[in-house]
Engineer: 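Take a look at this one; I'll ask things after.
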Amino acid sequence: QVQVVESGGGLVQAGGSLRLSCAASGRTFTNHNMGWFRQAPGKEREFVAAITWSGEHTYYVDSVKGRGTISRDNAKNTAYLQMNSLKPEDTAVYFCAAGKNYGSLTRATATTEREYYYWGQGTQVTVSS
C-alpha cells in the first residue's frame with residue numbers, strides 16, 4: 001500500500017507558475033512510476049505527466065509540453081509537477097498517482113489510469129484570467 005498526498009495548489013494569475021508536490025509513504029517509493037492527472041469541472045480526468053521510478057524517462061500530454069516539468073526526489077519520497085505559463089484552461093483538481101514500475105514509458109503505460117494503483121485526494125489549481 002502506498003499513500004500519496006498532494007499539495008501546492010492554489011489560485012494564480014494567468015502566466016504564473018506553481019509547483020505541485022506529491023508526498024508518498026508506505027511501500028518503497030522507487031517501486032513505482034509516478035503520474036499526474038487533472039480533472040476540470042464537468043470534464044473527465046485526464047493525464048498530465050508521468051515519470052519512471054528512476055526519473056530517467058518522462059511523458060507529457062501535448063497541452064503541457066514546454067510548460068510543465070515532472071520530477072522526483074527518491075530520497076524524499078516526493079514527486080513534483082512544475083507548471084509555468086499557466087492558462088485558465090489549466091484550472092482543475094490535480095491528482096498524483098503511483099503506478100507500475102516500468103523501466104521506460106509508452107503512451108499506454110504513461111497515460112492509462114488503470115496502470116496506477118494508488119491515488120491521492122487531489123489539490124485544486126485555479127488560474128484566473
Side-chain angles (χ1 to χ4, degrees):
Q1 189 79 8
V2 174
Q3 294 79 41
V4 294
V5 178
E6 305 93 337
S7 62
L11 174 63
V12 63
Q13 288 189 332
S17 299
L18 279 177
R19 188 175 81 156
L20 307 182
S21 297
C22 173
S25 61
R27 295 183 63 183
T28 305
F29 186 59
T30 52
N31 283 349
H32 300 280
N33 288 356
M34 300 298 294
W36 285 95
F37 291 74
R38 65 186 179 187
Q39 187 167 21
K43 294 187 177 181
E44 292 187 353
R45 189 159 58 188
E46 66 169 356
F47 167 79
V48 178
I51 189 167
T52 53
W53 71 272
S54 66
E56 182 177 2
H57 300 284
T58 58
Y59 196 95
Y60 298 91
V61 67
D62 286 346
S63 60
V64 168
K65 284 180 182 176
R67 301 189 299 121
T69 302
I70 188 171
S71 62
R72 64 191 294 162
D73 185 337
N74 288 340
K76 295 182 178 179
N77 286 358
T78 302
Y80 305 95
L81 180 65
Q82 175 73 40
M83 291 286 293
N84 301 321
S85 302
L86 283 161
K87 306 174 181 179
E89 52 263 43
D90 293 317
T91 295
V93 177
Y94 283 70
F95 297 90
C96 175
K100 293 180 181 179
N101 184 353
Y102 293 106
S104 61
L105 290 167
T106 65
R107 183 178 187 276
T109 60
T111 68
T112 305
E113 290 194 20
R114 66 174 179 270
E115 298 288 348
Y116 296 88
Y117 299 138
Y118 309 108
W119 293 80
Q121 295 299 307
T123 184
Q124 176 70 49
V125 172
T126 303
V127 184
S128 63
S129 57

Engineer: How long is the gap from SG on Cys96 to CD on Gln121, to the nearest 0.5 Å?
Structural biologist: 12.0 Å

Engineer: Would you kindly check if the NZ (Lys) or CZ (Arg) of Arg38 is within the cone defined by 45 degrees around the ring axis of Phe95 and under 6.0 Å from the six-membered ring centre?
Structural biologist: no

Engineer: Within the distance-only criterion (no hydrogens, no angle test), does the side chain of Thr112 pair as donor or acceptor with the backbone N or O of Thr109 below 3.5 angstrom?
Structural biologist: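 No; zero donor-acceptor contacts below 3.5 Å.
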
Engineer: For the atom pair CD (Glu6) and OG (Ser21), what is the distance rounded to the nearest 0.5 Å?
Structural biologist: 10.5 Å

Engineer: Compare all side-chain heavy atoms of Tyr80 with those of Asp73 and state whether any distance is below 4.5 angstrom.
Structural biologist: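 Tyr80 reaches Asp73 side chain to side chain.
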
Engineer: Determine, stepwise, if the pair Leu20 / Trp36 fulfils side chain to side chain contact (heavy atoms under 4.5 Å, CB included).
Structural biologist: CA-CA 10 Å; Leu20 307 182; Trp36 285 95; 3.6 Å; yes

Engineer: Nearest 0.5 Å, what's the CZ-OG distance between Arg72 and Ser54?
Structural biologist: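 Taking CZ in Arg72 and OG in Ser54, the distance rounds to 8.0 Å.
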
Engineer: Could you see if Val48 belongs to whatever hydrophobic cluster contains Tyr117? Use Ile, Leu, Val, Met, Phe, Trp, Tyr and a side-chain cutoff under 4.5 Å.
Structural biologist: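 Same hydrophobic cluster.
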
Engineer: Look up atom OG1 in Thr123 and atom OH in Tyr94, then write down how far apart they are to the nearest 0.5 Å.
Structural biologist: 10.5 Å

Engineer: Test ring-ring contact (aromatic ring centres under 6.0 Å, His included) on Phe37 and Tyr116 and set out the steps.
Structural biologist: CA-CA 11 Å; Phe37 291 74; Tyr116 296 88; 5.2 Å; yes

Engineer: So, taking the atom named OG1 in Thr30 and the one named CG in Asn77, what distance separates them when rounded to the nearest 0.5 Å?
Structural biologist: 8.0 Å

Engineer: Working note: Glu113 + Arg45, criterion side chain to side chain contact (heavy atoms under 4.5 Å, CB included); need CA distance, chi angles, decisive distance, verdict.
Structural biologist: CA-CA 9 Å; Glu113 290 194 20; Arg45 189 159 58 188; 3.0 Å; yes

Engineer: How long is the straight-line distance from CG of Leu105 back to OG1 of Thr58, given to the nearest 0.5 Å?
Structural biologist: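 Result: 7.5 Å between the selected atoms.
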
Engineer: If you look at every heavy atom in Ala49 and Leu81, which pair is closest and at what distance?
Structural biologist: CB-CD1, 4.1 Å

Engineer: Looking at every non-hydrogen atom in both residues, tell me the closest pair between Pro88 and Ser129 and how far apart they are.
Structural biologist: CG-CB, 3.9 Å

Engineer: So, does Thr28 use its side chain to make a donor-acceptor pair with the main chain of Asn31 at under 3.5 Å?
Structural biologist: no

Engineer: Does a donor on one side chain and an acceptor on the other come within less than 3.5 Å for Asn84 and Ser17?
Structural biologist: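 Side chains of Asn84 and Ser17: pair found under 3.5 Å.
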
Engineer: Taking all non-hydrogen atoms of both residues into account, name the closest pair between Val4 and Ala98 and its distance.
Structural biologist: CG1-CB, 4.5 Å

Engineer: List for me each residue that meets salt bridge (Lys or Arg N to Asp or Glu O under 4.0 Å) alongside Lys43, sequence neighbours excluded, and say none if there are none.
Structural biologist: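 None.
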
Engineer: Is Asn33 reaching over with its side chain to a backbone N or O of Lys100, donor-acceptor style, under 3.5 angstrom?
Structural biologist: yes

Engineer: Passes side chain to side chain contact (heavy atoms under 4.5 Å, CB included), Thr69 versus Tyr60? Steps please.
Structural biologist: CA-CA 9 Å; Thr69 302; Tyr60 298 91; 4.0 Å; yes

Engineer: Does a salt bridge link Lys87 with Asp90, judged by any charged N lying under 4.0 Å from a carboxylate O?
Structural biologist: no

Engineer: Could you tell me whether His57 and Tyr102 have their ring centroids closer than 6.0 angstrom?
Structural biologist: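 No: the rings miss the under 6.0 Å criterion.
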
Engineer: Considering all heavy atoms of both residues, which atom of Thr52 and which atom of Gly103 are nearest to each other, and what is their separation?
Structural biologist: CG2-O, 3.9 Å

Engineer: Can you tell which of Trp53, Trp119, Tyr118 makes a ring-ring contact (aromatic ring centres under 6.0 Å, His included) with His32?
Structural biologist: Tyr118

Engineer: Val127 and side-chain contact (heavy atoms from CB on, under 4.5 Å): which single residue from Leu11, Leu18, Leu86 fits?
Structural biologist: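 Running side-chain contact (heavy atoms from CB on, under 4.5 Å) over Leu11, Leu18, Leu86 with Val127 returns exactly one hit, Leu86.
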
Engineer: How far apart are the C-alpha atoms of Gln124 and Thr126, what are their side-chain angles, what is the distance that settles it, and do they pass the side chain to side chain contact (heavy atoms under 4.5 Å, CB included) test?
Structural biologist: CA-CA 6 Å; Gln124 176 70 49; Thr126 303; 3.3 Å; yes

